[in-house]
Amino acid sequence: MRDQSIFYNENVEHSVERVLTLSFFVKASQEKYGDKPLIMIYEGGYQLNEAIQKYLVSQKLFQQLVEDALFAGIMRANRYNVNQQFTLYERYTRKDVCRLLGWEKDVSSTVYGYRIRQNTCPIFVTYAKSGKIDQSINYQDRFINADTFQWFTRHNVKIGSKEVQAILAPQTTIQLFIKKNDDEGSDFYYFGEVKVDKNSLKEESFRVNDTTEPIVKMALHLKRSAQYDKYLLFEK
């Protein structure tokens, strides 16, 4: 019987399988983790690989380390909402999001600001851009108030493009992740699900080097108003 205090669905099970078989990871990460699946999948169940089974039996310290890791993971999981994939105001990396969404592969290195996949669009915003940032990605994303976030697509995108239409599609769920600046590392705060205000859609011009390209600005309405202390983090 599964632990009722931990969020679970078939998507999660599939994600766990791909992580433990290493198939979720790019080749470099697979090599870092030993380049050998931790589990083998059999009809009706799973089995640890032979090396792990051997060390669990013969190495008391290894067994203790595994038990400690499992215990720490369960304790950490207790911080999160058991009813959904992401917990408001907890912090996630792009890789975390790819994994928790159950995506087949870790595509975090190519997500950049957002990615539309399997009817989900996670959006990642660095709120205070560095003064050294390339002007081609210096978008003016910002909170309008605690309920609304102003957001820009990538440049060279129009309202009629497949990308924008996929974002607007009723079956697409949009999740908003924000960090204050790059000094905070690779973790983003989760601000919840958002909906596009279609009346706010506006195609603007964006200057890239010596050329001008289209870009789409829109207002995103937060499903739950931003918590006051978290909202202040970005408005200071």
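- No donor-acceptor pair closer than 3.5 Å links the side chain of Q150 to the backbone N or O of R142.
- With hydrophobic clusters built from ILVMFWY side chains whose heavy atoms lie under 4.5 angstrom apart, I144 does not share a cluster with F152.
- Under a hydrophobic-cluster definition in which Ile, Leu, Val, Met, Phe, Trp and Tyr are linked whenever side-chain heavy atoms come within less than 4.5 Å, directly or via other members, V107 and F177 are assigned to the same cluster.
- Residues Y89 and Y190 place their aromatic rings such that the two centres sit no closer than 6.0 Å.
- L65 and M75 fall into different hydrophobic clusters, defined by Ile, Leu, Val, Met, Phe, Trp and Tyr side-chain heavy atoms under 4.5 Å apart, directly or through other members.
- The neighbour count for K202 NZ, taken as heavy atoms of other residues, nucleotides or ligands under 6.0 Å away, does not exceed 12.
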Next item on the list: Go through the steps for D96 and T93 under the test side chain to side chain contact (heavy atoms under 4.5 Å, CB included), then give the verdict.
Entry: CA-CA 5 Å; D96 289 334; T93 65; 3.1 Å; yes
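- Under the 3.5 Å distance criterion, the side-chain polar atoms of N209 are left unmatched by any main-chain donor or acceptor of T211.
- Between the N119 side chain and the T172 main chain, no donor and acceptor come within less than 3.5 Å of each other.
- Note on V26: it does not cluster hydrophobically with L101, by side-chain heavy-atom contacts below 4.5 Å among ILVMFWY residues.
- From T21, atom OG1 reaches atom NZ of K36 across 14.0 Å, with rounding to the nearest 0.5 Å.
- We find that E184 and K179 are not joined by a salt bridge, their nearest charged nitrogen and carboxylate oxygen being 4.0 Å or further apart.
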Item checked: I123 vs W151, side chain to side chain contact (heavy atoms under 4.5 Å, CB included): CA-CA, chis, key distance, verdict -> CA-CA 9 Å; I123 292 174; W151 179 69; 3.3 Å; yes
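- A donor-acceptor distance shorter than 3.5 angstrom exists from the side chain of Q53 to the backbone of L48, with no hydrogens or angles considered.
- F188 does not carry R94 over the face of its six-membered ring by the limits of under 6.0 Å from the centre and within 45° of the normal.
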Next item on the list: Step by step, work out the ring-ring contact (aromatic ring centres under 6.0 Å, His included) result for F25 and Y33.
Entry: CA-CA 10 Å; F25 300 102; Y33 296 133; 4.9 Å; yes
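- Within a 6.0 Å radius of CD in Q171, more than 12 heavy atoms belonging to other residues, nucleotides or ligands are found.
- Evaluated for a ring-ring contact (aromatic ring centres under 6.0 Å, His included) with F191, the options F86, Y231, Y92, F234 yield exactly one hit, F234.
- Atom OH of Y112 is surrounded by 12 or fewer heavy atoms from other residues, nucleotides or ligands within 6.0 Å.
- Distance alone, capped at 3.5 Å, places no donor-acceptor pair between the T148 side chain and the N145 backbone.
- A donor-acceptor pair is defined here as one N or O able to donate and one able to accept, closer than 3.5 Å; such a pair exists between the side chain of R18 and the backbone of E104.
- Within a 6.0 Å sphere centred on CZ of F143, heavy atoms belonging to other residues, nucleotides or ligands number more than 12.
- Taken together through direct or relayed side-chain contacts under 4.5 Å among Ile, Leu, Val, Met, Phe, Trp and Tyr, L38 and M40 form parts of separate hydrophobic clusters.
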Only distances under 3.5 Å count here; give the side-chain donor-acceptor pairs of residues 57-64 to other protein atoms, sequence neighbours excluded, each with its distance to 0.1 Å.
{"residue": "S58", "atom": "OG", "partner": "K54", "partner atom": "O", "Å": "2.9"}
{"residue": "Q63", "atom": "NE2", "partner": "E67", "partner atom": "OE2", "Å": "3.3"}
{"residue": "Q64", "atom": "NE2", "partner": "D68", "partner atom": "OD1", "Å": "2.9"}

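- K27 has a carboxylate O that lies under 4.0 Å from a charged side-chain N of D35, or vice versa, which qualifies the two as a salt bridge.
- Between the side chain of T212 and the main chain of F206, no donor-acceptor pair closer than 3.5 Å is present.
- By the neighbour-count criterion of 12 heavy atoms within 6.0 Å, atom NZ of K217 is densely surrounded, having more than that number from other residues, nucleotides or ligands.
- Atoms CG and NZ, on L100 and K95 in that order, are 12.5 Å from each other to the nearest 0.5 Å.
- Checked by atom type and distance alone, the side chain of T87 never pairs as donor or acceptor with a backbone atom of E90 at under 3.5 Å.
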Next item on the list: Mind running side chain to side chain contact (heavy atoms under 4.5 Å, CB included) on V216 and L201 for me, showing each step along the way?
Entry: CA-CA 7 Å; V216 179; L201 287 170; 4.0 Å; yes
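- No donor-acceptor distance shorter than 3.5 angstrom exists from the side chain of D147 to the backbone of A226, with no hydrogens or angles considered.
- Side chains of T110 and R115: a donor-acceptor N/O pair is present below 3.5 angstrom, by distance only.
- By the 4.0 Å N-to-carboxylate-O rule, R154 lies close enough to E163 to be salt-bridged with it.
- Judged by the 6.0 Å distance and 45° axis criteria, K180 is not positioned over the aromatic ring of Y127.
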